[in-house]
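As structure tokens, the structure follows; a few thoughts come after it.
Numbering of ligands and ligand atoms starts at 1, following listing order.
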Amino acid sequence: MSLAALTRLQLGLAALKADHLERRRLLLDGAQGAHVTINGQRVISFCSNDYLGLAADPALVQAAHAALDQCGVGAGAAHLITGHHRFHHDFEAAFAHFVGKPAALLFSTGYMANIGVLTALCDRHSEVFADKLNHASLVDAAKLSGATFTRFRHHDLAQLEGQLERSTAPEKIIVSDLVFSMDGDIAPVDALLDLAERYDAWLYLDDAHGFGVLGDGRGGMTERARASDRVIYLATLGKAAGVSGAAVAAHASAIDWLLQTARPYVYTTASPPLLAACLLESLRQIEAGEVRRAALRGHILQLREGLASLKIGTLMPSDTPIQPQMIGSQADAIQLSHSLLQRGLLVPAIRTPTVPVNMARLRITLSAAHCTDDVAQLIEALHDVV
Ligand SMILES: *Cc1c(COP(=O)(O)O)cnc(C)c1O
């Protein structure tokens, strides 16, 4: 007898293909950067989150070589057994100091950190208040935590306040992307903090796309958020920091609680210590990264000016390296992405389920590693293919 469940998977795959929702991986050779080799073709990439061009930076590569010689490859055990290396430890201290929080904890990925934080802070008596456009990992984390999961419309603080007012949960936590990953806009941090204070809630800010990039590199936290015991801050380290992992920074007791109870921290092998050594170097580069950030800001302005008159879709309002051109139709977005690729420009079409149906878009991301000519080529090609 055949396996009926397998047939259901095959029908499901066929349906994805028919709806233009089938995903294919691009095959990268060589290093990540502004110019990459994808499926054997040399292209200019406008789709990585390597916003500062640190992923293949010589100083980080050098740090990796040096650490490799000192400590080998594998961590060998979880942090609470014997896997907690001095490099991890030093990075946590340096990170906490840099972002202006008392303590920090290093997770292997941002996804794991989000699951870890919300499941450690919440139980079924808690209530999570989440912006509807939050990253998938925050949605999964809230669900897994067992807390009541309440979502508010994107940036709708009046709706959030009503929800907080009605809540009888003893523990409340407001959760938001700091820079929204598919839209590029920024959360109103101080207004969220006002509400967190008024209703005695935690405020958890996921700054995956702001850390390294916004302000002086310390990300999108405001001075008030930095000083507040109720703010828990997450930076992922595989994006602008160019490496891998994620760091959570907060009050020392909150961090100690995570260390004791966050299951994706406790029950997993520590990341290779050489990655933490790279992160220490990355932090130095970010601190001294004003030249890179100025280049990035220049590219953002250049792109926005160049695409203002484009005859299809609209460029969404964004001051961050995430510059989505809203197209609408999935088929159109995919067609544009294909045409750009034929010209050697890699720009992904983002569609459902990552974004709502009929809000398909070209998600252009810029990097300090681009040069002015790269951005000019993209602008010209987009006007041409339209
Ligand atoms: C990328 C991302 C994550 C996940 O981080 P990883 O380190 O890639 O697992 C979490 N939150 C947001 C907003 C992200 O964009």
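The aromatic rings of His370 and His299 lie perpendicular to each other, with more than 60° between the two planes, well past the 30° mark.
For atom 11 (N) of ligand 1, the choice among Asp206, Leu138, Leu237 with the nearest heavy atom turns out to be Asp206. Of the options His209, Met182, His135, the smallest heavy-atom separation from atom 12 (C) of ligand 1 is shown by His135.
Residues Asp131 and Ser176 have side chains that never bring a donor and an acceptor to within less than 3.5 angstrom of each other. Side-chain polar atoms of His135 and Tyr111 form no donor-acceptor pair below 3.5 angstrom.
Each of the atoms 2 (C), 11 (N), 12 (C), 13 (C), 14 (C), 15 (O) of ligand 1 lies under 4.0 Å from some heavy atom of Ala208. Close approach of ligand 1 to Lys239 is summarised as follows: ligand atoms under 4.0 Å from at least one heavy atom of the residue are 1 (C), 2 (C), 3 (C), 14 (C), 15 (O). The ligand atoms of ligand 1 that sit less than 4.0 angstrom from a heavy atom of Ser137 are 10 (C), 11 (N). Shown in contact with Asn114 at under 4.0 Å from a heavy atom are these atoms of ligand 1, numbered in order with element: 10 (C), 11 (N). Atoms of ligand 1 lying under 4.0 Å from any heavy atom of Tyr111, numbered from 1 in the order shown and given with element: 4 (C), 5 (O), 6 (P), 9 (O). For ligand 1, the atoms closer than 4.0 angstrom to any heavy atom of Ser181 are 15 (O). If you number the atoms of ligand 1 from 1 as listed, the ones under 4.0 Å from a heavy atom of Gly110 come out as 4 (C), 5 (O), 6 (P), 7 (O), 9 (O). Every atom of ligand 1 with a heavy atom of Asp177 under 4.0 Å away is listed here by number and element: 13 (C).
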> Could you walk me through whether Asp19 and Gln330 pass the side-chain contact (heavy atoms from CB on, under 4.5 Å) check?
Replying inline: CA-CA 9 Å; Asp19 293 342; Gln330 313 229 126; over 6 Å; no

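Residues Gln285 and Arg292 have side chains in contact (heavy-atom distance under 4.5 Å, counting atoms from C-beta outward).
The shortest non-hydrogen separation linking Asn114 to Ser137 is ND2-OG, 2.9 Å.
Atom CD of Gln41 has more than 12 heavy atoms from other residues, nucleotides or ligands within 6.0 Å.
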